[in-house]
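The structure displayed is predicted, hence computed values, not measured ones.
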Amino acid sequence: MKCRPLPREFFERPTTAVARALIGTFLESTLGGRRCVGRVVETEAYLSRGDEASHSRSGPTARNRSMFLAAGHAYVYFTYGMHHCFNVVTGPEGVGEAVLVRALEPVLGADVMRARRGRDAERDLCSGPAKLVQALAIERAHDGHSLASRPLRLLTRDSFAESFGAQRRLAVDAGARIGIRRSTELPLRFCLRGSRFVSR
DNA sequence: TGCCTGATTGCCT
DNA sequence: GGCAATCAGGCAA
């Protein structure tokens with residue numbers, strides 16, 4: 001089936017629903033003139049209320065302002081002095097919710113990913129939020145980019161049916177989020193069951 | 001102005 | 001399993 005970007009309505013559902021629904025979709029980067037695609041296998045939801053781990057917990061700032069854009073935009077932030085992470089903005093404009101994409105299964109352009117990552121093992125290319133950002137050449141400059149348009153798009157589950165079939169019903173597990181200290185009790189992490197490409 | 005911490009990764013033991 | 005790398009944002013003073 002032809003590659004189609006996810007429609008705006010896809011992102012306008014509750015954030016946890018979007019986080020779950022993103023599993024099995026495809027993230028495509030044509031940055032640097034090289035096409036790379038990965039299947040989303042792990043996500044985490046970050047909410048605007050009752051979530052002390054969310055960057056939006058204290059309202060808009062210069063760093064997190066993209067999180068308050070309309071659903072379907074990218075929120076890219078810099079952390080730990082050396083890494084970037086990629087999020088999909090969800091919810092109504094001005095609310096401040098997003099889904100962190102934590103891991104991808106390489107589908108196309110694995111060699112380009114290897115060169116960018118400086119590692120050979122397929123498992124090490126996109127099995128972490130900062131890894132996939134490096135593999136797809138995503139930068140802070142893409143903060144606020146609309147994910148319906150190149151060079152960075154999210155494509156429907158129907159895409160790449162030659163490799164993954166229709167993917168109608170995928171088994172998705174929910175659990176606690178990783179790498180946070182607050183609101184660790186919330187089950188806002190979603191993984192494709194059985195995938196060897198998740199971060200942990 | 002200064003200090004502390006973080007939605008991470010990779011190397012070392 | 002432990003921990004260093006490395007810096008911008010957030011907050012206290």
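- Distance CZ (A:Arg116) to P (B:dT9): 17 Å, rounded to an integer number of Å.
- Helical stems in DNA chain B, defined as runs of 3 or more consecutive Watson-Crick or G-U wobble pairs with donor-acceptor distances under 3.5 Å: B:1-6 with C:7-12, B:8-12 with C:1-5.
- The side chain to side chain contact (heavy atoms under 4.5 Å, CB included) test with A:Leu6 is passed by exactly one of A:Val88, A:Thr156, A:Val18: A:Thr156.
- Atom CZ of A:Arg117 has more than 12 heavy atoms from other residues, nucleotides or ligands within 6.0 Å.
- Within the 4.0 angstrom heavy-atom criterion, only backbone atoms of the sugar-phosphate kind lie near A:Ile180; the bases stay farther away.
- Residue-level contact check: A:Ala130 touches the backbone only, with heavy atoms under 4.0 Å from sugar-phosphate atoms and none from bases.
- A salt bridge does not link A:Asp124 to A:Arg114: none of the charged nitrogens lies less than 4.0 Å from a carboxylate oxygen.
- Counting heavy atoms of neighbouring residues, nucleotides and ligands inside a 6.0 Å radius, atom CZ of A:Arg65 does not exceed 12 of them.
- In summary, A:Arg39 and A:Glu105 engage in a salt bridge, as defined by a charged side-chain N under 4.0 Å from a carboxylate O.
- Using a 4.0 Å heavy-atom distance criterion, A:Arg177 is classed as making no nucleic acid contact.
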Kindly list each side-chain donor-acceptor pair under 3.5 angstrom involving residues 71-86 of chain A, sequence neighbours excluded, with atom names and distances?
residue	atom	partner	partner atom	Å
A:His73	ND1	A:Ala70	O	2.9
A:Tyr75	OH	A:His55	ND1	2.8

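- Summarising the geometry, the separation between OH on A:Tyr46 and P on B:dA7 is reported as 7 Å, rounded to the nearest angstrom.
- In this structure, A:Tyr77 does not count as stacked on the base of B:dA7 under the 5.5 Å centre distance and 30° plane angle limits.
- For the residue pair A:Glu97 and A:Thr90, no side-chain donor N or O sits within less than 3.5 Å of a side-chain acceptor on the partner.
- As rounded to whole Å, 12 Å separates atom C1' of B:dA7 from atom CG of A:Leu188.
- The salt bridge (Lys or Arg N to Asp or Glu O under 4.0 Å) pairs that include a residue from residues 189-200 of chain A are A:Glu42-A:Arg189, A:Glu122-A:Arg196, A:Asp173-A:Arg193, where partners are two or more places apart or lie in different chains.
- Where DNA chain C meets chain A (any atom under 4.0 Å from a heavy atom), the bounding nucleotides read 5' to 3' are C:dA5 to C:dC11.
- Judged purely by atom type and a 3.5 angstrom limit, A:Arg157 uses its side chain to pair as donor or acceptor with the backbone of A:Ile23.
- Residue A:His83 places none of its side-chain N or O atoms closer than 4.0 Å to OP1 or OP2 of B:dT9.
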Enumerate the protein-to-nucleotides 10-13 of chain B contacts in which both atoms are nitrogen or oxygen and the separation is below 3.5 Å.
residue	atom	partner	partner atom	Å
B:dG10	OP1	A:Arg117	NH1	2.8
B:dG10	OP1	A:Arg117	NH2	2.9
B:dG10	OP2	A:Arg117	NH2	3.4
B:dC11	OP2	A:Arg119	NH2	3.2

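- Between the CZ atom of A:Arg63 and the P atom of B:dA7 there is a distance of 7 Å, rounded to whole Å.
- Closest approach of A:Val89 to A:Ser66, counting heavy atoms only: CG2-O, 3.2 Å.
- Taking atom CZ on A:Phe78 and atom C1' on B:dA7, their separation rounds to 14 Å, with Å as the unit.
- Counting any heavy atom pair closer than 4.0 Å across all strands shown, A:Asn64 reaches no nucleic acid atom.
- Between C:dT6 and B:dG2, the distance separating the two P atoms is 22 Å to the nearest Å.
- Comparing A:Thr61 and A:Met82 against DNA chain C, the residue whose closest nucleotide sits nearer the 5' end is A:Met82.
- In this structure A:Glu12 satisfies the side-chain hydrogen bond (donor to acceptor under 3.5 Å, both in side chains) test together with A:Arg8, sequence neighbours excluded.
- A cation-pi arrangement is present between A:Arg177 and A:Tyr46 under the rule of less than 6.0 angstrom and at most 45 degrees off the ring axis.
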